[in-house]
Number of protein chains: 2
Amino acid sequence: MAHYHPPYSRRPLTLRDVSEASGVSEMTVSRVLRNRTDVSAATRDKVLSAAKRLGYVPNKIAGALASQRVNLVAVIIPSLSNMVFPEVLRGISDGLQDTALQPVFGVTEYSAEREESVLYEMLSWRPSGVILAGLEHSDAARAMLVNSGIPIVEIMDVDGAAIDSVVGISHRAAGRQMAAAILTAGYRRIGFLGTKMPDDHRARKRLEGFNEVLSKAGVSLIDAEYYAGGSALLKGREMTQAILSRTPDLDFLYYSNDMIGAGGLLWCLEHGIDVPGKLGLAGFNGVELLDGLPIRLATMDACRRQIGSRAASIVAAATADTGGGVRIELTPKLDPGATIRLG
Amino acid sequence: MAHYHPPYSRRPLTLRDVSEASGVSEMTVSRVLRNRTDVSAATRDKVLSAAKRLGYVPNKIAGALASQRVNLVAVIIPSLSNMVFPEVLRGISDGLQDTALQPVFGVTEYSAEREESVLYEMLSWRPSGVILAGLEHSDAARAMLVNSGIPIVEIMDVDGAAIDSVVGISHRAAGRQMAAAILTAGYRRIGFLGTKMPDDHRARKRLEGFNEVLSKAGVSLIDAEYYAGGSALLKGREMTQAILSRTPDLDFLYYSNDMIGAGGLLWCLEHGIDVPGKLGLAGFNGVELLDGLPIRLATMDACRRQIGSRAASIVAAATADTGGGVRIELTPKLDPGATIRLG
DNA sequence: GTGAAAGCGCTAACAC
DNA sequence: GTGTTAGCGCTTTCAC
């Protein structure tokens, strides 16, 4: 049902068109359009009005090729499916606010292979920097990053060797801290509920840290449930029901993220389970959504927004060629909410 | 705490480097790297191994300038704060899957001014097409779109005049349909809860359609609550409490989105309110999160993913220069859930 | 099947 | 303050 077919492929205007329309040389037109100060007010006005009248939009491709500068920062994240990465993106936007840099996003769906191809694609546009999640990359991706000659910031996680700069939290330490809090509160029969994602290295590290502290206390996970895809809130609900009917004497459920934790919490409340008396619950991330639940779920803030803005600042500084090779470890705080009893 | 300062600004490799390393002319290297078939297998292997060994990443800036082709689709959306746009983005990714096109995202935060500057910025990269939310744009933005000479797809909303192609639903009709369902169910004392966003035209149109049907039935909104920012789930909870304590005899609450509707629903359930007997509730969007609530909130699916993939297909087709100027109106279906009683 | 030359639209560098 | 010249790293075109 075509209703009108516009002339795609109209030739875009060039500097030359503005030059002719204003009677000013291309070079000076270029100066005006780049807000350079060494142009007389009269010339500037002539150019600006001609450009506006014609509807000229500069060609950054040509500009970038000529100047060898591209004001783009490649940002590569695993997913948009939960609230965690959009918030990192907002942090990045904030951090880039007062610079000429613009973020460009790519998504990997937690696949190293896709990360590699997205990275290749983005690097081919010669961005001013790269911000990407995690420290685990394919060899080829790592090589591209090392060879790129631009600032690289790996974010979210600090447990491992960074290529250049890194901003994040220690997920292993976060897992340990939560385990310690749970043990201190007196819980001993602990179940784990999480995603079936072998490539979510941060979730894996949290669980490793968690298990480590449990082991030292002679405790180990009694049962576990995993899911993939679907509504996390619903999955949390379903998995909670499943694990509790299979292993009714659990006294704590550790969820790998807040969304499934929230689903579990709602299920428990509906079923009159004494939380946190008989059963404690905890998630991870500190998502805003938790504010709207009947009672607060214990969680740990992953410092998402802050990570984004710090990473952006590092790229901005490195581009303005201050510094480089920075390591920033943020410390998430544990929020016991109302789902962990006092120890 | 710098731990290592890599040599930013290493000169990236060029075709010439690969040419010299492989002993093949630049032109033929270029052919191989673009997967052209008119190259002998022997030459191809030489080139490929040299390129891989060196870690060559092509410069798309130069390529785009020379070929006058850019495989980028500019995607401009209002926000990443709720689940609606990320899902549109996923639809777009899907729709672009089997093409050479790559989406690039920009966010406006519901500001026409920011839309204009994001658009300007993106058009300056000469993308192959633009997908943007809504039909309302500044005059300057509209002029840029019209003059761009590339396929433009306005998405989400079909209530108004499109520049080129359009894919969406009628929000006015959606509002009308919900009002009709509510009236049919026998509710008469209706309250509205929504965002304080004058520039969210789709929410506005839904409310207009809603009021229109109410008026015709001699009914009008009894009370309203507005919010801006913060956790939508929490705001839904707070606004529900506020509106019901101010106007206790309301028998229906119409929320402008599912998130605040979910917050309201949770609040009502906790306070033992008979839903949908004494009080009916409805939201909008059909977000996945609703699947995890104790009872289903009435809502309307905004067809987000489908809109994204259809829009992407239009751009892909127009680029391959089939068609153009397409209008697709999808029909959202009303899901009465368990929060509207049978009429 | 391969190579040489020209040029995409802009900006750096320098001359005036 | 303004103009001229020479590329940026590719791809197009055409010759071989």
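Reminder, nothing fancy here: chain letters follow the sequence lines and each chain counts from 1. What's counted below: heavy atoms across the whole structure, side chains too, no hydrogens, waters or symmetry copies.
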In whole Å, what is the span from the CE atom of Met27(A) to the C1' atom of dA13(C)? 9 Å

Write down the distance between CG (Asn59(A)) and C1' (dC10(D)), rounded to a whole number of angstrom. 14 Å

Measuring from the side chain of Ala66(B) (C-beta onward, heavy atoms only), which nucleotide among dC8(D), dC10(C), dC8(C) has the closest atom? dC8(C)

Is the shortest side-chain N/O distance from Ser25(A) to OP1 or OP2 of dT4(D) below 4.0 Å? no

What is the distance from atom CD1 of Ile131(A) to atom CD of Glu154(A), rounded to the nearest 0.5 Å? 11.5 Å

I need the CG-P distance between Leu15(A) and dC10(C), as an integer number of Å. 5 Å

Under 4.0 Å from OP1 or OP2 of dC8(C): is there any side-chain N or O of Ser67(B) that close? no

Mapping Pro12(A) and Arg69(A) onto DNA chain C by nearest heavy atom, which one lands closer to the 5' end? Pro12(A)

Closest to the Ala62(B) side chain: dT2(D), dG9(D), dG9(C)? dG9(D)

Ser93(A) side chain to Leu89(A) main-chain N or O, any donor-acceptor pair under 3.5 Å? yes

Below the 4.0 Å mark, does dG1(D) have OP1 or OP2 next to a side-chain nitrogen or oxygen of Thr28(A)? no

Interatomic distance where CG belongs to Leu33(A) and P belongs to dG9(C) [whole Å]: 16 Å

Report the distance from atom CD1 of Ile61(B) to atom C1' of dC10(C), rounded to the nearest whole Å. 12 Å

Judged by nearest nucleotide, the residue sitting upstream toward the 5' end of DNA chain D, Glu26(B) or Arg31(A), is Arg31(A)

Going by modelled atom types, is there a donor-acceptor pair between the base of dG1(C) and the side chain of Arg36(B) at under 3.5 Å? no

note: Arg11(B), atom CZ; dG9(D), atom C1'; distance rounded to Å ~ 11 Å

Just N and O in the side chain of Arg126(B): are any of them under 4.0 Å from OP1 or OP2 of dG9(C)? no

Can you tell me if Arg34(A) touches the phosphate of dA12(C), counting only side-chain N or O atoms and a distance under 4.0 Å to OP1 or OP2? yes

Quick check on Glu20(B): does its CD atom have over 12 non-hydrogen neighbours (other residues, nucleotides or ligands) under 6.0 Å away? yes

Pair of N/O donor and acceptor under 3.5 Å linking dG1(D) base with Arg44(A) side chain: no

Does the side chain of Gln68(B) get closer than 4.0 angstrom to OP1 or OP2 of dC10(D) through an N or O atom? no

Grab the CG-C1' distance between Leu123(B) and dG9(C) for me, whole Å please. 17 Å

What's the CG-P distance between Asp38(A) and dC14(C), to the nearest Å? 15 Å

Identify the two heavy atoms, one from Asp157(A) and one from Leu135(A), that lie closest to each other, and give their separation to 0.1 Å. O-CD1, 3.4 Å

The answer to which of Leu65(B) and Thr37(B) contacts DNA chain C further toward the 5' end, by nearest nucleotide, is Thr37(B)

If the cut-off is 4.0 Å, is Tyr56(A) near the phosphate of dC10(C), judged by side-chain N/O to OP1 or OP2? yes

Assess the side chains of Ser25(B) and Thr28(B): does a donor N or O sit below 3.5 Å from an acceptor N or O? yes

With a 4.0 Å limit, can you tell me whether Ser30(A) has a side-chain N or O closer than that to the phosphate oxygens OP1/OP2 of dT11(C)? yes

Please check this pair: side chain of Ser165(A) against backbone of Val326(A), looking for a donor-acceptor N/O pair closer than 3.5 Å. yes

